[in-house]
Amino acid sequence: MSKMLPDGFEALEYFVERWAVDGTANRDRRRGDSTENERVAFFEAAKGLIPQALELLDRKPLDEFNEREQRLMNMVLSFAHVAMAVEMLGDAEPRHARFREVMRITRSPADA
Amino acid sequence: MNVETPVFTTPDEQVAWLGTDPIPAKAYYDPEWFELERQAIFMRSWIEVGHACELPEPGTWIRRELEFADASILIVRGKDDRIRAFYNACTHRGTQLVEEESGKGANFLCPYHFWNFGDDGRLVAAPDFKRFAPLTKEECSIPKVAVDTCAGLIFVNLDPEPKHTLREYLGEYADRLETLPVAKATTFHEYVYEIDANWKITYDNFQENYHLRHVHGLTGVATVHQQNQYGYPDKYTFNGPHRTQQIWVNPEPLIKPMQGYNLGLVANDCAQQGIMGSPDSRTYFALFPSLFIIGTPMQHFSHKVYPISATKSRGVFRIYWVDDDDSATRRYAREYALCSLRDIHTEDVNIINRAQKGLLSGAIKKIHFMTMEGLCRHLYQQVVARVEDYLEEREAAGETA
Ligand code: FES
Ligand SMILES: [Fe+2]
């Protein structure tokens, strides 16, 4: 299988399909329609790799990423959402997700 | 307990002057009272509607809907770089000029009969205009709306002749607002909600900390401490109809590992930008009638509550940032800041719905504010004062209330 992410992030390949999501509101939606198992698995696999991923991505301007780097960027951004769910909310996340639907994200610098 | 932990004192005496009277619950759902508030307050106060960074160059414009006035307003940066505002309505037969939320262009062309307006609202061209004689183009300018900015924030006033300039209206808080990062902001996150709740019920939720530990037990755990179990502010100030609280700094906040890492990235970035530690970096401004802006550079949000009816409101949150995303780290740190603030605010919106529902039957005649809900009491008193002034004015003008 061809690699979807830059070298050094093999441990996250499995999560690309689910979590390499473009757009802040889409990432929020993905958080909302994921299962707890999916979130926890991604959180545990990714948390130790975030500093490394940012270090790699910081070497290039944001608009010069190749496809693999862009996927990694989108996954890191999804991690921000998942970290709130797993680390802060835990069991309360499913109930919280319903409330969140009324709070529509209408603008994000990451979408520019 | 750490001996260096300062002992927190609740600032009860700073709000003692507001009294302790129960508050009539009707003011929070009655349509007749709402109509008075609408006339006395919203139709003639400075209302925040956006930020100058949305008008980055001459010719750019934004459209804003103000439901409380059934008004659509165009805010335009003209060729001369000045910001002007006028109604989104053609002076021929009233048609709305634009449907887009924002755009760029020196002219506004009405789609109905092609009257064409300049960036200052003046009629510049109209097909076969001679048949309107004796009407002149000069008489066909679109009605202006008073507009001004403070700290980059754009305010409009629907009073055709505002009694105060924006500066006078904001009083001594105006200069302090100018020192906040929002004055230099170039971009922002935005999230919005509509809620079946009165604008004051909605707004009040965000100016008391009594609910923090109950409503934000998981997301807001860093705000409570044995010294200050409710995360109360350590200071209040009042200035005309406006008010502030000073956010208490928890000396030993409970922070989760990734939360600490992520917020650390935001803090580093803000420190490098030199926007940390301004005198008002802990001040939470509550600007009458319904705007909040918090000084904290790392979570620099504004929140505007727009009334729609006695029991319906719309809220707009923005997190303002200085400089665009220029690195993966900044983009990630800011996305996390969005997630963490929005999660907290989501919990608020949920409870506000219930706060309104319980009042609708009319069985609850009075509500109660404790000292640490003093800012809610201040808002109510300021609202009443303005409604009373308005009724007096009307009476003096010979109109019946
Ligand atoms: S209504 Fe606008 S041109 Fe006729
Ligand atoms: Fe809250």
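These numbers come from a predicted model, not from an experiment. Every chain is numbered from 1, with letters handed out A, B, ... down the list of sequences.
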TODO: Answer yes or no: is there a side-chain heavy-atom contact under 4.5 Å between H81(A) and E335(B)?
DONE: yes
Open item on the list: Quick check: closest heavy atoms across A80(A) and Y336(B), and the distance to 0.1 Å?
Closed with: O-CD1, 3.5 Å
Open item on the list: If you count heavy atoms of other groups shown closer than 6.0 angstrom to CD of E57(B), is the number above 12?
Closed with: yes
Task: Residue pair L89(A) / E347(B), side-chain heavy-atom distance below 4.5 Å - done: yes
- [ ] May I ask you to test the R100(A)-D343(B) pair for a side-chain heavy-atom distance under 4.5 Å?
- [x] yes
Open item on the list: Is it the case that over 12 heavy atoms from other parts of the model lie below 6.0 angstrom from the CD atom of E101(B)?
Closed with: no
TODO: Side chain from CB out, backbone as N, CA, C, O: work out which of these in R98(A) comes under 4.5 Å of a heavy atom of chain B, or both, or neither.
DONE: neither
Open item on the list: Please determine whether the number of non-hydrogen atoms from other residues, nucleotides or ligands lying under 6.0 Å from atom CD of E67(A) exceeds 12.
Closed with: no
- [ ] Name the region of L265(B), side chain, backbone, both or neither, that has any atom closer than 4.5 Å to a heavy atom of chain A.
- [x] side chain
Task: Heavy-atom check, side chain of Y332(B) versus side chain of F79(A), under 4.5 Å - done: yes
Task: Close contacts, residues 205-219 of chain B versus chain A, judged by heavy atoms under 4.5 Å - done: L218(B), T219(B)
Task: Derivation of the side chain to side chain contact (heavy atoms under 4.5 Å, CB included) call for V86(A) and M258(B) - done: CA-CA 10 Å; V86(A) 174; M258(B) 287 315 295; over 6 Å; no
TODO: With a 4.5 Å cut-off on heavy-atom pairs, point out which of G90(A), A25(A), P51(A), A92(A) contacts chain B the most.
DONE: P51(A)
Open item on the list: Does R107(A) qualify as a cation-pi partner of F188(B), given the criterion of NZ or CZ under 6.0 Å from the six-membered ring centre and within 45 degrees of its axis?
Closed with: yes
Task: Side-chain heavy-atom pair V349(B), F99(A) within 4.5 angstrom cut-off - done: no
Task: Close side-chain approach of M84(A) and S340(B), heavy atoms under 4.5 Å - done: yes
Task: Side-chain touch I105(A)/E190(B), heavy atoms, less than 4.5 angstrom - done: no
Open item on the list: Can you tell me which portion of M103(A) sits under 4.5 Å from chain B's heavy atoms? Options are side chain, backbone, both or neither.
Closed with: both
Task: Which portion of D28(A) sits near chain B, non-hydrogen atoms under 4.5 angstrom - done: side chain
Open item on the list: Please identify, among K47(A), M73(A), H96(A), E101(A), the residue contributing the most non-hydrogen atom pairs under 4.5 Å to chain B.
Closed with: H96(A)
Task: Proximal to chain B - members of residues 56-63 of chain A, heavy-atom separation under 4.5 Å - done: L57(A), D58(A), L62(A)
Task: From CD (E87(A)) to CD (Q259(B)), nearest 0.5 Å - done: 6.5 Å
Task: Rounded distance (nearest 0.5 Å) linking atom OG of S108(A) with atom CG of D325(B) - done: 7.5 Å
Task: Salt bridge present between R331(B) and D111(A) (N-O < 4.0 angstrom) - done: no
- [ ] Hey, could you give me the OG1/OH distance between T106(A) and Y191(B), rounded to the nearest 0.5 Å?
- [x] 10.5 Å
